[in-house]
Structures are given as C-alpha cells and as structure tokens.
Amino acid sequence: MGSFNWLWLLPFLPLAGSVCAATMHFGTLRARKEGNTGTRLSSIAGLIACGVMAAALALSLYAFIQLAGNREVTALESSSWAWIDAGSFSVELSMVVDRLSSVMLLVITGVGFLIHIYSIGYMKGDPGYAKFFAYLNLFVFAMLMLVLSSSLLGMFVGWEGVGLCSYLLIGFWHEKGWPAEAGQKAFVFNRVGDACFLLGSFLLIAIFDTLDLSDIANSVQANIGANSRLMALAALLLFGGACGKSAQFPLFTWLPDAMAGPTPVSALIHAATMVTAGVYLLLRLNPLYAAAPTVLFIIGCVGALTALIGASTALMQRDIKKVLAYSTVSQLGYMFLGIATGAWSAALFHLVTHAFFKGLLFLGSGSVIHGMRDEQDMYKMGGLRRHMPRTYITFLAGAAALSGIPLTSGFFSKDEILAHTFLHGGLYWPLWIVGIFSAILTAFYTWRMVALTFFGDERFDANKIRPHESPATMTLPLSILAVLALAGGLLNLPALHIPGEQALRDWISPVTAAGDAILYAGAQAHHPSLWLELVLLALGSAIALVFAHKGFHGFKNGWQHDDAMRSKRPELVGFLEHAWMVDSTYAAKIVAPLRLASYVIATLVDQMLIDGMVNGAGRLAMKSGSKLRSVVDGSVMSYALWMGAGASILTVVWTCF
Amino acid sequence: MITQDLVQVFDMLSEPAARMATAPMLALAVGVALYLLCEVIDLLRTARPIVFLGSIALSIFYELRILQADSAPGAVFDGTFIADGQTALWGILFLVGTLLVWAYSVGYYRENLPFKAEYDALILCTPVGMMLMVGANDLIVFFVGLELLSMPLYALAAFRRAKIESVEAGLKYFLLGSFSSALFLYGAALLYANGGTLALDALVAESNLATTGVALVAASLFFKVSVFPFHLWVPDVYQGSPTPITALMATGAKAGAFSFLIVRLTPLLPPAAAQTVAVIALVTMALGNLGALVQRDLKRMLAYSGIAHAGTLLLVVAAGVALGDTSGGEQAAWYYMGAYLFTATGAFGLISLLEADGARFTNLDALRGLAHSRPGIAAALSLFMLSLGGIPATGGFLGKWFVFAELVRADMIGVAVLGALFTVVALGYYLRVIAYLWMEPPPEGAALSNTQRPLTAGLATVFCCLGVLAMGLLPALFLDRMN
Amino acid sequence: MMNVPTEHILTLSALLFATGVLGFLIRRNVIIVLASIELMLNAANLTFLAASRHWSQTHLAADGVNIMQGPIFSLFVILVAAAEAAVGLALVIAFYRLKQTVALDALTELKD
Amino acid sequence: MLSALTFLPLVGAIVIVALPGRSVQLLRMVALAVTVAVAAMGVSLFIGFDGTRAAAQNVLETAWFTLPFGASGAREVDVHFFLGVDGVSILLVALTSILMPLVVMSSIGHINHRVKEFLVWLLVMETGMLGVFLSLDVVLFYFFWEVSLVPLYFIVGIWGGDRRLYATIKFFLYTVAGSLVMLVAVIGAIYYLGTSSIPALVESASDLPAETQAWLFGAFALAFAIKVPILPFHTWLADAHTEAPTAGSVLLAAVLLKMGTYGLLRFGVEMFPEAALTYAPVFLALGAIGIVYGAFLAWAQTDLKRLIACSSVSHLGFCVLGLFAMTEAGLRGSVLQMINHGLSTGLLFLLVGMIYERTHTRRLDRFGGIATVMPVFSFFFVFTVLSSAGLPGLNGFVGEYMILAGTFTVSPFWTAISVSGVIFGAVYLLMATRRVLFGPLVHEENRKLLDLGGRELATLIPLVALCVWIGVAPNGFIQKTAGSLDRISHRVERAQEHMRIGRLSTAQQTVLRTEVER
C-alpha cells in the first residue's frame with residue numbers, strides 16, 4: 001500500500017498552489033502599495049495554479065490507468081495518518097482511489113483544469129486575480145480531500161472546506177455588498193446540512209465504531225436487523241447533509257444566490273463539482289441507503305420535488321445565470337432521484353455529464369457576460385450569435401445536452417434515471433411523472449434561454465456595449481467541454497446490446513456491489529427490456545425535441561411570451577419567479593422569529609432577567625444598607641434600648657430553651 | 001493589718017510563677033509611672049519615648065518568656081489569674097497593637113497636643129487591662145481589667161476636646177460602656193448569688209439564675225466586641241474619636257474582650273447559645289457589611305467593617321459552643337484578631353496620616369487617585385483592604401479560613417456558607433476603596449501639602465504590611481507557637 | 001434582720017436595677033443618666049452582699065464557695081463607680097463647654 | 001523547574017517595580033524577556049512530559065505549614081507547597097506560558113500610560129494562573145485561585161473602557177462569591193479526609209458518604225460554574241470582557257475561564273465522580289443550552305467585542321458538555337477544546353484590539369469594507385473566525401467533534417441541541433465578519449486605516465500556527481493528556497459500577513421486603 005503514497009500529492013499539490021498564489025496575492029498588494037501594478041506576480045499566480053491543476057489531472061489519469069490496467073486492484077490506498085485519537089474511537093486518514101473516486105477525480109481535475117484555464121482570461125485585470133486562483137486551488141484541495149478520504153471525517157474536512165471556498169468565492173466581489181451576504185447565506189445553509197452530517201456521523205460511530213468508509217460499507221449487511229432503524233436514521237441524517245451541500249429541497253435557496261460569485265466559480269463549484277458532493281456521499285455509502293428503503297423513497301421524493309421546483313423556477317428567470325442555477329438545482333434533483341431508485345451508476349453518469357454540459361453552459365454564459373460588460377439580464381441581450389460565434393456554437397451544444405436532445409450526453413443520462421424510476425414502479429410512479437414533467441420544462445427553459453440570448457433583435461445599446469468574442473483562453477475550454485457534452489453519452493450507453501453499453505455501470509460495479517446485494521437481496525437487478533428501453537428513449541427524444549422547439553420559437557423574437565404569461569397568470573408567475581416562495585417563507589417563518597428570539601434573549605432574558613437578578617442583588621444590598629441607616633440614629637437612648645432588649649432576649653432565650 | 005496584707009501580696013509575688021505571670025503587666029505599670037515622672041521632671045522629658053518603648057519591649061520580653069517557658073506559670077493568685085502560652089500570645093498581640101497605635105499617634109497630632117504625656121500614659125494602660133481580661137479566671141479580675149481598659153479609652157476618645165465629634169464620641173462611649181459594665185456587674189452578681197463563687201472554672205450555668213447571669217455577662221462582652229444588637233455605638237464612636245484611638249478600640253479593645261469571650265466565657269454558655277450566637281453573628285455580619293456598603297466616611301466604613309469582622313469572629317464562639325471545645329476556636333480567634341489587628345491598625349493609621357497630611361476629612365473622596373501622589377500609602381492601604389476582604393496571601397485569608405474550619409468541624413456548613421456570602425458584600429466596599437485609590441483620576445489642583453511624615457508612622461505601616469503578609473504566607477511562624 | 005429572706009433582697013436589687021435601666025433609657029439629662037448607672041451598680045452591689053450573706057449560712061458551706069468575694073467585688077465596684085463618675089463628669093463638662101447643654105438629645109453630631 | 005516556572009514572573013514583577021517607571025522600553029523588554037523565558041520553560045516542560053503516565057510529573061513538595069484542627073483529638077493536616085503537572089494541566093500550563101509574551105507584545109499597542117504598573121500586574125497574574133494549574137495541594141490551589149483575581153481587577157479597573165469600574169467589581173465579586181462557597185468545601189474536604197494533597201484527596205474522596213460528596217461537589221461546582229461561566233452565571237463575563245483592555249480580555253478568555261473548566265474536571269469529575277454522574281444531566285443540559293443561548297446572545301450584539309465575549313459562553317458550553325459526558329472522547333475533547341478556545345478567542349480579542357486601536361470603536365455599524373483597506377488583517381480575522389466556528393482542519397473542529405461524539409452516546413438529545421450551535425455559531429460569526437470586513441467601505445474615516453505591522457503579525461502568527469497544528473495533528477496534544485484522562489475515565493467507570501450495584505441492592509432489598517410482607 002505504501003507505494004501509493006503519491007496519492008497524498010493529489011490534494012496537497014493544489015493546497016501548495018493555493019499557498020503560493022496567496023503569497024503572490026499579498027506580494028501584489030505590497031507592490032501596489034509601493035506604486036507598482038504587481039500584475040507580473042499575479043499572472044505568475046495564475047500560471048502556477050493552472051500548472052498545479054495540470055499536474056493533478058495527470059496524476060488522476062495515472063491513477064485511473066493504474067485501476068483500469070489491473071482489474072484485480074479495486075482501490076489504491078496511501079499510508080494513513082492518525083488524525084484524531086479520541087480513546088473510544090479514532091480517526092485515521094488515508095487517500096483512497098477506487099473505481100468511484102477515480103471517476104470523480106477525473107471530473108474534478110479535468111473540468112477544474114479547464115475552468116482554471118478559462119479563468120485566466122475571465123479574471124484578467126481583476127485586482128484580486130491572484131487571490132482568486134488561491135481560492136480556486138484551495139477549493140480543488142478541499143474537493144479532492146472530500147473525494148479521496150478513506151474516512152467519513154476526512155471527507156467532512158473536504159466537505160466543509162469546499163463550503164468555505166464557496167463562501168469565499170461567492171463573496172469574492174464583496175465590495176458590492178450582496179455577494180458577501182450571498183456567501184454568508186450559502187455557508188449557513190451548508191452548515192444546516194453539516195449539522196445533520198455530524199449527527200449522522202455520531203450515529204455511525206455508535207453503530208459501527210468506526211468512520212472508515214469502506215469498513216462501514218462492508219459492515220452494513222451484518223447490522224441489518226439489529227440496527228436497521230439506527231442505520232436508517234443515520235442515512236437520513238447524512239442525506240440531510242447532502243441536501244445542504246447539493247442544494248436539495250428544502251435547503252436549495254442558497255444556490256441561486258451563489259451566482260453572485262465570478263462565473264468560473266459558478267461553473268466549477270456550483271455546477272460541476274461541489275454541489276455533486278452530496279450525490280457522491282450517497283453513492284459512497286450505497287449499502288447504508290440500500291438497507292433503508294424508506295429513506296430511499298424520501299430521497300426520491302425530495303429529488304423529484306427539487307427537480308420540479310428548479311425547472312419550473314428556471315422558466316421565468318431573466319438573469320442568465322439564475323436560469324442555469326435553478327437548472328442545476330433541478331438536475332441535482334434528478335441525480336438524487338436516480339439514487340433513490342438504486343440506479344447508482346445512472347446518478348453518477350448524470351453527475352458526470354452534468355459536469356460537462358452545465359460547466360459548459362456556465363462558462364458560456366460567463367463568456368456572454370464578459371462580452372456584454374457584466375450584463376446578465378437576458379432581456380437586454382439578443383442576437384449575440386453574430387458577435388460571439390464560438391461561444392454561441394458551444395453554448396448550443398451545452399443546451400442540447402441539458403435539454404436532452406437525442407444522442408447528446410444529457411439525453412442518455414437523464415433517460416437512464418427516468419427509466420429506472422419507471423421500472424421501479426409502485427410509489428415511484430408519481431415520481432416518474434414529475435421527472436418527465438420536469439424534463440419538459442427543462443427543454444423549454446433551456447431553449448428559451450438560448451433564444452433570448454443569441455437570437456432576435458439586439459436589445460442592448462450597441463453604442464455603449466460592443467459585444468465581442470472572448471479570448472482563446474476562454475473559448476478553448478468551451479470547445480473541449482462542448483465536445484464532451486455532446487459525446488459524453490458514450491461513457492454509459494443504454495443497454496441496447498451495442499458495444500460499450502453500460503460501461504460506467506460496469507466500471508463502478510465493485511463499489512456498488514454491496515448496495516446492490518442488499519437492495520436486490522440476491523435477485524437480479526431489474527433491467528429494462530430492449531423494447532421498453534427503446535420506447536422510453538423515444539419518449540425522451542420526443543419531449544426534448546418538441547419542447548425545445550416550443551421554447552426556442554416562443555422567445556426567438558424577444559420576451560413577449562413572458563409578458564403574456566405575466567398578465568394572464570400573475571400569481572403563478574410571481575410564485576415561479578420567486579422559487580415557490582421558499583426563501584420568503586424562510587425569512588418570515590424561520591429567520592425573523594429566530595432573530596426576534598435572539599433580541600429577546602439578549603435584552604429581556606439576559607439583560608433584564610438574569611443580569612437584572614445579579615445587579616438586583618447588588619442594588620438590594622445597597623438599598624437595605626441605606627434603609628438600615630435609620631437605626632443608627634445617633635441617639636444614646638435608642639442604642640441603650642437595643643442593648644437592653646438584646647440582653648433581655650438573650651436572657652429569655654437562654655433560660656427558656 | 002494593712003502591712004500584713006501587703007506582706008501577703010509580696011509573699012505571693014515572691015513565688016516565681018506569680019512573678020512570671022504578672023511581670024508583663026508590672027512592666028507596663030512601672031512604665032506608666034515612670035513616664036508620668038519623666039513628664040514632671042524637665043530633665044527627663046526626652047527620655048519619654050524610651051520609657052514607653054522600653055516598658056513595652058520589656059513586657060513583650062516577659063510574654064515571650066512565658067511563651068517559651070517549659071512550664072508556664074498557669075493559674076496563680078489562688079487561681080484567679082492564668083498565665084500560659086495562650087495568654088502570652090494574646091498579650092503580645094495587645095502590646096504590638098498598642099505600640100502601633102502609639103507610632104501612628106506621633107504623626108497624627110500636628111498641633112502641639114496638650115496633655116500628650118497623659119495621652120501616652122493612658123495608651124500604655126490599656127494593654128494592662130487587656131492582659132488582665134485575657135488572663136482572668138475570676139470575674140473580679142476580669143472586671144478590673146475591663147475597667148482598666150475602658151476608662152482610658154473613654155478619656156482618649158474625647159481627647160481632642162475642642163472638637164465636638166471627639167467629645168461626643170467619648171461621652172457616648174462612656175455612657176453606653178458604663179451601661180454595659182452595669183449589665184456585667186449585675187450578671188456577675190447573679191452568678192455569685194447562684195454559686196457563691198466568682199471563679200470562672202467553678203461556675204456552672206445550670207439554674208435560670210445563673211443563665212441569666214451568664215446572659216448579662218455575655219451581653220456586656222457583646223457590647224465590647226460590638227455585635228448585634230450591641231454594636232450601634234461603634235460607628236459613632238469610631239468616627240468621632242481621634243483616629244489612632246479608633247484603631248486601638250477596633251483592635252486592642254476588641255481583642256481583649258474577645259479573648260476572654262472565647263477562652264473563658266464560651267464554656268459557660270448554655271447549649272442553646274450555639275444557635276443564638278450563630279444567628280447573632282450572621283445578623284451582625286449582615287448589618288456590618290450592609291452598613292459599610294453605604295458609607296462614604298472612611299472611618300465609619302471601617303467601623304462597620306469592624307462590626308462585620310466581630311460577627312465573623314463570633315461564629316467561632318457558636319462553633320465552640322456546639323463542639324463543646326474551644327481549643328480550635330481559641331487559635332482561630334487569635335489568628336483572626338492578629339491579622340485584623342495588623343490590617344485595621346494599618347488602615348486606621350494610614351487614614352490618620354492622610355488627615356495629618358491636610359486632608360482634614362476622612363471621606364472616600366480623599367482617596368481619589370491617591371495612587372498618583374502617594375503610591376506607597378495607596379499600595380499599603382490596598383493590601384490592608386485585601387486582607388480585610390480575606391484575599392489569600394494576606395493574614396485575613398487564613399484568619400477567615402480558621403474560622404470557617406471551626407464551623408466545618410462543628411458541622412455548621414450552612415452557617416459557613418452564609419458567612420462566606422456576606423464576605424462577598426464586604427469585598428464590595430473594600431474593592432471600592434481600591435478603586436478610588438487606583439482607578440479614579442486624582443482631583444484637579446488638590447495637591448496635598450507635603451508635610452514631613454514621622455518616621456514612626458512609616459515604620460508602623462511597613463510593620464503592618466509585613467505582618468499581614470507574614471500571617472498570610474508563613475503561617476507556620478505563628479501556628480507553631482500555638483501548640 | 002437576719003430573717004429577711006435572701007430572695008427578698010434579690011428582688012429588691014432586681015427592682016433597683018430595673019429602675020436604673022429605666023432611668024437610663026428614659027431620662028435625657030446626662031447627670032441623671034449617670035445617677036441611673038450608679039443605681040444599677042448599687043443593685044449589683046446589693047446582690048453581691050446579699051449573696052455573700054446567703055452563702056455564709058453554715059449549712060450551705062461547700063467547696064468552691066467563697067463568701068469574701070462578694071464584699072470584695074462590691075468594694076471594687078464602689079471604686080470603679082467613683083472613677084467612672086470622675087471620667088463621666090469630666091466628659092460632661094467638656095461637652096457642656098462646647099454645646100452649653102447637658103441634654104442627651106444634643107449628642108447629634110455623629111449618626112448615620 | 002516548576003517553582004521557577006511559577007515564580008519567575010513574580011520575580012520579574014518585583015524587578016520591574018524596582019526599575020524606574022520612565023524607561024518604558026526597558027520595562028517592556030524586561031517583561032518580554034521574563035515571559036519568553038517562562039514560555040521556553042513551559043514548552044520544554046510540554047516536550048518532556050510523558051503523556052502515558054497518569055500521575056503528576058516534575059513534582060515538587062515541601063512542607064508549608066500545619067493546619068490546626070484543635071488540640072483535642074482532631075487530626076492535624078500538613079499543608080504542603082506541592083507543585084506538579086499532569087495530563088489535565090499540561091496543556092493549560094503550556095498555553096498560558098506561550099500566550100504571555102504575545103500578550104506583553106500586544107500591550108505595546110494599547111497600554112501607553114502606567115505601563116510599569118500594567119506589566120507588574122501582568123506578571124503577577126502569570127504567576128497566579130500557572131500556580132492554579134500546577135498546584136497539587138488544595139490550599140495552595142485556593143491561594144493561587146483567588147490571588148489571580150487581583151491582577152485582573154486592576155487591569156480591567158485601570159486600563160479598561162468607560163464602564164470599567166462596574167465591570168471589574170462585578171467580575172471580582174461574582175467570582176469571589178463562588179470561590180467563598182468553594183472555600184467551605186475545600187475546608188470540608190480537608191477536614192473530612194485529613195489531607196490537603198489533591199492526589200490523596202482524589203484517592204480517598206469516594207469513601208465519604210454520598211451526601212457529603214454531593215454537597216462538596218456542589219460547592220466546588222458552583223465556584224467553577226461561575227468562573228467558566230456556565231449559564232446562568234455568565235453575565236459578568238460580557239461586561240468584564242468588553243471593558244477589559246485587549247491584554248486583559250485575551251488572558252481572561254484564554255486562561256482565566258479555563259481555570260473554571262479545569263476545576264470542574266479536577267475537583268468535580270475526578271474527585272467526586274459519583275456526584276458528578278448524578279448531576280451530569282443538569283450540566284449537560286446547561287452546557288447544551290449555553291451553546292445555543294450564547295450563540296443567540298452573540299447574534300444580537302452590536303459591539304464586536306461583546307459579541308466575542310458572548311461567543312465564549314457558547315464555546316465553553318462545549319467544554320462543559322464534554323466534561324460531563326464523562327466519556328473518554330468527551331474528556332479528551334473537552335481538555336483540547338479548552339486550549340482551542342484559548343487560541344481562537346484569544347486571537348479574536350487580539351484582532352479586535354488591533355482594529356480598536358485604529359478606529360477607536362467596536363460598534364459593528366462603524367465598520368464595513370475593512371477587507372479592502374486591511375487585507376492582511378482580514379485574512380487573520382477570517383482565519384480566526386473559521387477556527388472559532390469549528391472548521392475542520394483547524395483546531396476548533398477537533399475538540400468540538402470529540403466532545404460531541406463523546407456526548408452522543410450519553411445523551412443524543414443534548415448532542416443534537418448542541419449541534420445546532422454549529423449552525424448558529426456560523427450565523428453570528430459570519431454576520432460579524434461580513435459587517436466588519438465585507439461590503440462597501442461606507443465610512444470615509446476607515447479609508448486611511450493601516451494594515452497590520454510587524455509586531456502585530458509576530459503576535460498573531462504563533463497562535464495561528466498553533467491553530468493549524470492542532471487542527472491537523474491534534475494527536476500530539478491529545479496524547480499528552482491521555483494517561484491522566486484515561487485514569488479519570490476509569491474512575492468514572494468504577495463509580496458507575498458502584499452506583500449500579502448500589503441501586504441493584506436496594507432494588508433487591510425492596511423485592512425481599514415485599515416477599516416478607518406477603
């Protein structure tokens with residue numbers, strides 16, 4: 001095992017890069033104070049960050065080759081680091097790459113690398129250029145820790161680490177005010193999930209006496225029966241953690257706000273990697289979930305509901321990034337729906353393809369925003385395909401994948417999830433219908449976005465804003481991602497008796513075997529028959545094409561369609577625009593009462609009651625002291641009277657008792 | 001007839017034990033006589049301090065001799081007077097207190113005090129009274145001691161006779177003191193009527209008559225040590241008296257009465273007294289501390305503080321009654337009074353210095369920002385306040401410790417806890433003094449006159465500080481002498 | 001004379017003492033207050049002497065009983081009373097000089 | 001070694017008293033030299049400490065005096081000058097000694113008048129604090145316990161803010177009220193057990209009748225609860241913290257409060273495990289409620305320093321929770337958390353002090369956008385906030401996690417309540433961070449603020465490094481405490497066993513009795 005100690009390099013190279021970049025940042029600040037621009041140092045920081053990412057990508061590929069080259073080897077594991085020895089339990093950390101994490105690794109380092117390159121162009125000239133790369137690298141470090149840790153607690157390090165970086169990057173342009181608030185909101189929402197995560201981990205310790213992920217996964221089977229309820233509770237709590245991180249109902253409202261960060265951040269963190277951490281967690285612990293069907297159903301409901309909320313809200317957004325954000329929420333819902341049906345590989349598949357196409361879309365939107373001088377309102381765009389051809393083409397590819405246009409990556413991955421839901425039947429039927437309905441909405445809003453952005457009249461003041469194509473550092477990553485978004489389906493083609501079908505499922509089968517064994521209890525997993533598979537694929541294709549068409553044509557000449565809706569169904573539109581009023585409900589029903597409670601506690605309870613008693617004791621002493629002064633009136637007679645009375649009482653008491 | 005009696009007295013004195021027992025008091029008595037003689041003869045006037053200090057030194061020497069003797073004299077004069085290690089320790093305490101009071105007196109009277117010699121002679125009388133009290137094993141001896149202490153104090157309290165406060169203090173003290181003496185005498189008479197004897201170790205308080213007698217005697221002692229409800233004179237008299245005399249009343253006089261109370265009288269108290277005395281003690285602590293909390297006059301505040309301390313010390317009596325054993329209580333009382341003597345004398349002494357400095361008022365405001373102009377005085381006064389509050393590293397802490405230890409021994413935990421809580425109130429005003437000294441800005445333009453302070457006062461202050469610290473840090477020095 | 005019971009004398013002295021106390025508590029003239037104190041002291045003296053007489057009855061003679069202590073204490077009390085009167089009157093005079101009165105009510109400088 | 005460690009600061013204080021007050025630089029150098037020397041001794045003590053042994057190490061014992069309990073029949077007790085360090089105290093001793101030079105350095109920024117007195121009190125306080133942790137004789141312990149109040153009284157009272165007198169007297173009286181009740185218990189313990197040595201008391205305390213143990217425990221616990229402070233005895237804390245000068249706040253938070261948790265462990269859990277077990281539910285509840293309550297309290301504050309003070313209530317709730325979970329993980333976590341809180345809250349107070357020196361305000365609405373002008377400061381501030389909020393990888397998390405995991409097996413309910421503190425902690429800390437650092441720079445006067453200087457960096461960096469170190473490799477610290485804490489948890493287990501048997505036998509007795517009646 002010791003020979004795989006280089007795995008430690010994977011997270012720690014980006015960390016080192018981050019430290020370097022941070023140093024550069026402070027160097028830049030100093031240089032600026034002395035009157036220089038300090039851009040040289042900054043650009044070095046960018047290069048270092050990208051170089052580190054390239055190295056990490058190379059290592060990931062190497063790890064993947066190691067695993068792929070030898071099918072006997074299920075996991076590469078580094079030596080372990082004794083982190084916490086708490087007596088009754090202890091936490092040892094090692095870096096593990098198995099089939100599942102190798103996929104995640106490639107996504108993180110691959111997409112991450114592209115986004116780093118992209119950022120060189122996007123962030124050019126920003127005063128916090130070096131700082132941005134420091135944060136970005138730090139994020140990659142945390143994300144890799146999350147994915148590679150052998151222990152749940154090590155995973156939690158990454159889990160909170162990515163949350164921190166998300167916080168920092170959302171608030172990157174804090175001077176504007178609202179990004180800082182959005183970052184804070186994101187962190188707090190994540191913390192709600194983290195609290196559940198922590199409680200879940202305590203339960204796991206109580207059940208399994210360990211936090212080692214593979215040990216837990218392997219001992220689930222043995223604990224079924226005796227500890228089923230506790231395990232289900234732990235699974236539910238951990239899912240609560242996943243809800244926070246992966247923006248599921250009811251904790252999704254931070255993600256749209258998180259768009260306040262620079263767009264590469266939205267692409268990397270809030271689309272491709274961090275938000276999928278919840279999915280990864282559930283996949284990692286798939287036996288635990290397999291053993292808790294009720295929890296799975298809850299997850300399914302949450303996933304479907306989130307998919308619906310996200311998709312329907314995306315319908316009415318004007319901000320291009322908000323559309324993508326709600327779309328992300330919705331797509332994440334699909335992934336959880338996939339997990340709920342036990343379709344582990346389908347969820348992972350969608351995770352991967354989503355990373356491609358949503359990363360692409362975000363980067364594309366970033367390119368648009370860049371070209372439009374930070375304009376994000378689609379109503380003020382239009383006709384951009386003429387000004388930004390490369391962005392336009394690649395954006396189309398992404399949109400196609402998102403809406404599930406046949407043969408694109410999203411088409412296959414979404415379809416597989418829906419197929420599994422369909423097959424599961426029973427209570428999952430309504431979920432399937434919700435999924436299908438969400439797919440309809442998805443196709444619609446995607447092409448609405450494309451139409452509003454790239455087609456129709458130019459609704460901006462062409463004299464003030466001269467849209468221009470972005471530099472090569474930005475368009476190159478777009479092109480690569482476009483190819484991946486289109487061809488990503490090859491990773492896991494549907495079971496149509498064709499070569500290369502279900503490649504991803506087979507690849508991670510060693511990891512999901514334990515879960516499957518519990519889920520199907522020895523029976524064969526259901527596989528769709530060929531014709532059913534074909535019918536479902538056809539249904540998916542039809543939906544995508546029809547509603548993509550509708551969306552595109554409704555908006556290719558402007559947003560009049562929206563106005564029509566607004567005048568026809570104002571309440572509905574308002575409801576959708578505000579994401580089903582979830583956020584305002586929180587503000588009114590949770591935040592405001594808590595805030596009130598804190599004021600009540602601070603003033604009434606603490607100051608007046610508790611401290612009042614303390615100060616009251618002092619005041620009582622002073623007051624009684626003053627009251628008693630009248631006894632000492634200076635009169636010899638009264639003093640003598642007291643003495644006489646005292647002597648008499650002494651006498652009486654002592655003689656009579 | 002008279003000659004025969006005189007011969008008899010000298011016969012008694014010729015016994016080595018009796019000589020040894022009375023030597024400390026005789027030294028002082030001779031000192032008083034010589035001192036007044038020096039005053040009269042012009043040539044010897046300069047020798048007055050030597051006589052004063054010499055007699056005290058001699059007296060201390062004799063006390064030490066008793067303390068270190070292999071066999072202490074014990075009961076002498078037909079068992080009416082006891083001189084042993086314990087009385088010697090108390091005696092040394094009284095003498096040190098007297099000495100300190102004298103040292104502060106030197107600086108206190110800026111104006112040429114008339115009758116200064118009488119003043120000193122009267123001061124020198126008081127320890128004789130105290131020693132008689134602590135050694136008394138007979139109510140007559142005690143009474144003589146009591147009056148020998150009280151009479152000079154009446155006169156001394158009113159010594160600044162041009163000042164109405166001083167005279168009023170003297171008169172009040174005198175009237176109420178006489179009243180308490182009368183109570184004592186009547187109590188003693190009842191005891192005599194009950195048992196036909198005045199010897200303390202033969203007294204038994206079984207009948208109602210005797211208990212009444214004990215109660216009256218106790219009442220008069222409660223007056224002297226100033227506990228509720230016999231304490232009301234204290235603030236007035238302490239405030240009005242010349243400050244060094246206040247120190248003497250607060251420490252020496254109280255110690256004298258207390259030594260008798262704990263050593264001789266406690267065994268006579270009826271069992272019911274355990275509760276009554278505890279209640280009295282707690283009420284005293286409460287009244288003393290609450291009273292002190294609202295005072296702005298320093299002397300009055302310290303007077304109330306003295307009442308509170310008397311209350312604390314009275315807890316020992318309660319514990320002693322409950323335990324039926326005062327051996328621990330005696331030590332606790334000695335230690336407590338010792339620490340209190342250093343701190344209270346030092347504190348009153350410093351106040352007297354400030355008065356002499358020109359701040360002719362003893363208000364708290366006089367202390368405002370004193371640390372800037374008189375850091376030494378401020379530091380010493382703060383130390384005394386901490387000791388009065390019973391903060392460790394000072395004698396006051398260990399004194400308090402021993403008192404509470406007695407309560408714990410007597411299983412009076414609740415009383416101890418209540419007592420402890422009253423001490424918190426006490427710290428409230430001690431800390432306020434420190435706050436005035438160090439944390440308030442000095443008043444503008446109110447520079448104190450830079451009068452020469454007498455060396456004796458400085459030495460006395462240093463001695464008090466050392467005493468407080470020694471009793472706090474090196475208790476073995478004192479405790480080892482007690483066994 | 002010998003057949004006056006001790007209890008009667010004790011009762012008398014108790015009344016005497018009570019009178020003294022009452023005088024002390026009620027009268028406002030310092031001189032009379034001083035006289036009241038004398039009364040209390042004399043009550044004590046009377047008790048001493050009565051007790052001494054009582055214990056000198058032979059059938060009560062017992063260990064520890066000392067019939068001389070009573071009279072001796074009385075002598076001391078008389079002595080002390082004289083001294084007290086001297087000190088007390090001196091104080092009263094000093095007070096009178098300052099306040100031109102000897103009423104107890106005039107002791108008002110010192111109080112809380 | 002230990003007596004040098006304890007009394008070197010006192011010697012330094014005396015030296016400073018003797019030096020002329022005018023040469024401020026010299027005084028500061030002397031103070032710094034003394035504290036650095038002590039820190040070096042503290043660190044070498046820490047390095048040389050063998051964590052596997054349960055008993056005290058580097059023991060120093062000389063006779064001091066004999067407590068008389070009366071000549072007749074009662075026992076006499078020899079009180080010793082008895083110092084030693086064990087797993088319970090080693091971390092606190094090291095923390096105290098390391099912190100002091102930094103505090104002296106930080107004081108250069110804000111103590112500009114009466115420097116001499118300040119340094120004297122600071123050094124006296126160091127002796128007091130080290131004495132508390134090192135004393136192995138209960139009388140000595142009590143000595144240092146109360147003596148350490150006096151310097152802080154002066155530090156707050158002389159160099160504090162506008163309401164300093166109110167705050168300092170409140171602090172002193174409140175603490176002393178608890179201590180005096182404890183004094184009765186100290187005397188009681190010595191009297192009942194006939195010894196004043198803490199190890200001997202620990203050994204023999206379980207022989208006492210249960211009621212006696214209960215009241216002794218109660219009296220000790222009250223004093224420590226006030227010191228910690230545990231809800232509802234916490235109101236002195238916010239005032240004292242807010243009014244104290246930076247140096248005072250740092251020491252108060254980092255060390256003085258730990259005297260309370262240390263005492264709870266030493267005299268509560270270790271000495272009276274049965275009583276502690278009996279009353280543990282109360283303390284668990286108070287700890288958990290304190291966590292949430294403190295967070296709410298902090299959330300409502302508008303004064304940055306007061307906010308941090310209130311956060312201490314919340315953080316120390318974790319320590320209390322861990323102590324009274326009385327499990328291995330809980331105890332270890334709690335002891336580690338004492339250090340963590342010292343580091344992160346100490347850092348926070350230092351940082352608040354630094355910004356206060358520049359802006360002369362602590363009101364949250366007077367800041368905003370500071371990150372733009374003071375990026376280095378902001379870095380440290382955010383770092384510290386994260387450490388305080390328990391970000392994994394930094395120190396706070398390790399302690400909190402161990403505590404919560406250790407408590408979970410005992411009381412899932414209170415653990416769940418406490419975990420919500422994780423959320424609220426993020427809420428108020430990030431709220432404060434945002435309002436201070438982020439957003440537009442609305443106040444013009446803040447535009448000219450200078451970033452941190454070299455001295456300030458030198459003050460912060462050691463603590464920051466420790467935060468990271470403990471976060472990444474806490475085992476080196478945990479293991480130092482393991483021997484002693486394991487012994488405590490064994491004692492707890494024994495006590496549990498003992499209590500169960502006790503309960504069993506009474507149950508059997510009642511069964512027997514009912515049978516007889518039939």
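In the text below, chain A, chain B and the rest are named by the order of the sequence lines, each starting its count at 1. Only heavy atoms go into these numbers, but all of them, side chains included; no hydrogens, no water, no symmetry mates. Just so it is clear, the model here is predicted, and its values are computed rather than measured.
- The environment of Met608(A) atom CE is sparse: at most 12 non-hydrogen atoms of other residues, nucleotides or ligands sit within 6.0 angstrom.
- Below 4.5 Å, heavy atoms of chain C meet heavy atoms from Arg629(A), Val632(A), Asp633(A), Gly634(A), Val636(A), Met637(A), Ala640(A), Leu641(A), all part of residues 628-649 of chain A.
- Within residues 22-43 of chain C, the residues having any heavy atom under 4.5 Å from a heavy atom of chain A are, by residue number, Phe24(C), Leu25(C), Ile26(C), Arg27(C), Arg28(C).
- For residues 80-101 of chain C, there are no side-chain hydrogen bond (donor to acceptor under 3.5 Å, both in side chains) pairs, not counting sequence neighbours.
- With sequence neighbours left out, the side-chain contact (heavy atoms from CB on, under 4.5 Å) criterion links Ile72(C) to Ile140(B), Met68(C), Phe76(C).
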